[in-house]
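Scroll down for the structure; my scribbles are underneath it.
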There are 2 protein chains.
Amino acid sequence: MDDHTDQSRKPRADAVRNRERVLEAAKLVFNAGGSEASLEAVAKRAGVGIGTLYRHFPTREDLFEAVYRREVEQLSELAEQLKNAKDPVDALRRWLRSGVEFVATKKGMVAALALAVQSGSELQTFSFERLTKAIGSLLDRAAAAGAMRADISPEDLLRAFFGMCYMHDQPGWQSSVLRMLDVFVDGLRVQPAGKIKTRAASSAKPAAKRKR
Amino acid sequence: MDDHTDQSRKPRADAVRNRERVLEAAKLVFNAGGSEASLEAVAKRAGVGIGTLYRHFPTREDLFEAVYRREVEQLSELAEQLKNAKDPVDALRRWLRSGVEFVATKKGMVAALALAVQSGSELQTFSFERLTKAIGSLLDRAAAAGAMRADISPEDLLRAFFGMCYMHDQPGWQSSVLRMLDVFVDGLRVQPAGKIKTRAASSAKPAAKRKR
DNA sequence: CGAAGATACGGAGGCACCCTCCGTTTAACA
DNA sequence: TGTTAAACGGAGGGTGCCTCCGTATCTTCG
């Protein structure tokens, strides 16, 4: 019961050092494209035993999270800044493009985030929540300005985005994704059902409930 | 040198039977959602040795291809029919929705096709080519009618589509994907750069070269 | 400083899967 | 029915995942 969250002791030096080493090795290995690289390879590269790796990061996802936390935060902050842009739709577009940029550099990021999305349910997944919030604020602003349909949830958009990026490591993926994102954003400017003569209602379900 | 492609012999009965058994088992296992199921599980379910499975289908991809060939052909034919629809954009939309329908039923199909897309390069991948052709004809028709931008390749679209579907097995994935596809198709109706005031050119690269 | 105790280390080991190889079986043909 | 090519099937070698626990090392306190 005694909630001595603070230092009942100093954390062991070797533990701190090893954690850092693993993180460093993982970053190298994952960014090199091999987001599916074996954790044992990471451990070896870090010069620690596999047991140590698992103690620090019980789950592959945990490791991903730690490795890409900084990047996620950067993307998050970018969204914050873009809230001040004049054109809210353009802001969204720019944010998505930056996302592509990140993915291009950190190859492992897609897999990491996709995993975070999939692992789904109500797991913590800091990254997913953070990005959802970021994208949500951009969406809301654009929708509030009437510049964009309002029935698309941040989760929808994130999933679509990751999905598109999932095909990275293809020859021309990057320009392809950029093009697709443009199409997508253009589509968001169109108000949903009715006005387009696509027979009846354009969607079976009324709309997803927005979370935030 | 002697090119006796025809029956120098009748194919062995057990070989034919086993091939069929494996196919059947694989269909069951993959459709049950586990597109990543172990091939050994498939073999066991089929009542054959693992060696037999590998002889008939040297690659996981080969097996996928065989299992989903029929479905791919159905989708392909649907595209053929839709070419006669009045509104070419609507035709595309409908085709994509049917794709979602397929994915919903045959869970393994996404993984199979995604793998086909990824394995990429110039591997044969019958399915990928077939679908590319199908979607290409729909795109071309819509573009020719001036109802849609013309710089999107079938490959682009396929990748985006699979990407979105990759998140199946999520709670609300199906309606989410349908919504996203609507957005997407709406976006395709907008002509590309220039007219929209999104600063400068809307895409870094000029456009992908269309294959067909 | 030197013990005591807490904490972390690391890799062996059990499990699952991948894929290959080859001795044995079986079907087709004469 | 015998010959022979084709197919069978599973043992085995490799890799990766993850757990468990005996051992090593660090911190603290006397």
Side-chain angles (χ1 to χ4, degrees), chain A residues 2 4-26 28-30 32-67 108 111-112 115 118-119 123, chain B residues 2-26 29-30 32-67 108 111-112 115 118-119 123:
Chain A
D2 134 76
H4 57 172
T5 28
D6 271 295
Q7 68 289 6
S8 50
R9 253 190 173 216
K10 209 181 352 176
R12 275 177 61 157
D14 54 350
V16 175
R17 177 165 37 78
N18 279 333
R19 186 173 206 280
E20 213 50 45
R21 278 187 188 170
V22 169
L23 229 37
E24 202 58 36
L28 284 176
V29 171
F30 292 153
S35 61
E36 322 213 305
S38 78
L39 297 189
E40 293 185 335
V42 172
K44 193 185 298 180
R45 174 146 206 164
V48 306
I50 185 65
T52 298
L53 186 150
Y54 273 98
R55 199 169 331 98
H56 285 298
F57 308 99
T59 290
R60 176 178 284 264
E61 193 179 338
D62 289 330
L63 184 51
F64 277 150
E65 183 107 3
V67 169
L115 209 170
Q118 291 226 338
S119 81
L123 244 54
Chain B
D2 134 76
D3 194 31
H4 56 172
T5 29
D6 271 294
Q7 67 288 9
S8 50
R9 250 187 177 219
K10 209 183 351 176
R12 278 179 58 159
D14 53 349
V16 176
R17 177 164 37 77
N18 278 335
R19 187 172 206 282
E20 212 52 43
R21 277 189 188 169
V22 169
L23 228 38
E24 200 59 34
V29 171
F30 292 154
S35 61
E36 321 214 306
S38 80
L39 297 189
E40 292 186 335
V42 172
K44 192 186 301 180
R45 173 147 207 163
V48 306
I50 185 66
T52 297
L53 186 151
Y54 272 99
R55 200 171 329 98
H56 285 297
F57 308 99
T59 291
R60 174 179 286 263
E61 194 179 339
D62 289 330
L63 184 51
F64 277 151
E65 183 107 2
V67 168
L115 209 168
Q118 289 226 338
S119 82
L123 245 53

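So you know, we letter chains A, B, ... as the sequences are listed, proteins then strands, and number each from 1. Quick caveat: nothing in here was measured; it's all calculated off a predicted structure. No hydrogens, no waters, no symmetry mates; every other heavy atom, side chains included, goes into these values.
At a cut-off of 3.5 angstrom, counting only N and O atoms as typed in the model, there is no donor on one side facing an acceptor on the other between the side-chain of B:Glu36 and the base of C:dC17. At a cut-off of 3.5 angstrom, counting only N and O atoms as typed in the model, there is no donor on one side facing an acceptor on the other between the side-chain of A:Arg9 and the base of D:dT28. Judged by distance alone with a 3.5 Å cut-off, no donor-acceptor contact links the side chain of B:Arg12 to the base of D:dA7.
With rounding to whole Å, A:Arg21 atom CZ is found 14 Å from C:dG10 atom C1'. Between A:Ile50 atom CD1 and D:dC20 atom C1' the separation is 14 Å, expressed in whole Å. For B:Asp62 and C:dC18, the CG to P distance is 15 Å, given to the nearest whole Å. Atom CZ of B:Arg19 and atom P of D:dC8 are 11 Å apart (whole Å). One can place OH of B:Tyr54 at 15 Å from C1' of D:dA11, the figure rounded to the nearest angstrom. Computed from coordinates, the A:Asp14 CG to C:dC9 P distance equals 5 Å when rounded to whole Å. Summarising the geometry, the separation between CG on A:Asn18 and P on D:dC26 is reported as 10 Å, rounded to the nearest angstrom. In this entry the distance linking NE2 of B:His56 with C1' of D:dA6 reads 11 Å, nearest Å.
Using a 4.5 Å heavy-atom threshold, the side chains of A:Leu39 and A:Phe57 count as separate. Within the 4.5 Å cutoff, side-chain heavy atoms of A:Arg55 are placed close to those of A:Thr52.
Distances from the side chain of A:Arg60 to the nucleotides C:dC18, D:dG9, D:dC17 place D:dC17 closest. In this structure, of C:dC17, D:dC17, C:dG10, it is D:dC17 that holds the atom nearest to the side chain of A:Glu40.
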- request: Under the side-chain contact (heavy atoms from CB on, under 4.5 Å) rule, what do B:Glu20 and B:Val16 come out as? Steps first, then yes or no, please.
  value: CA-CA 6 Å; B:Glu20 212 52 43; B:Val16 176; 5.6 Å; no

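Residues A:Leu39 and A:Arg55 each lie close to DNA chain D; by heavy-atom proximity, the contact nearer the 5' end of the strand is made by A:Leu39.
Residue A:Leu23 holds its CG atom at 12.0 Å from CG of A:Asn18, rounded to the nearest 0.5 Å.
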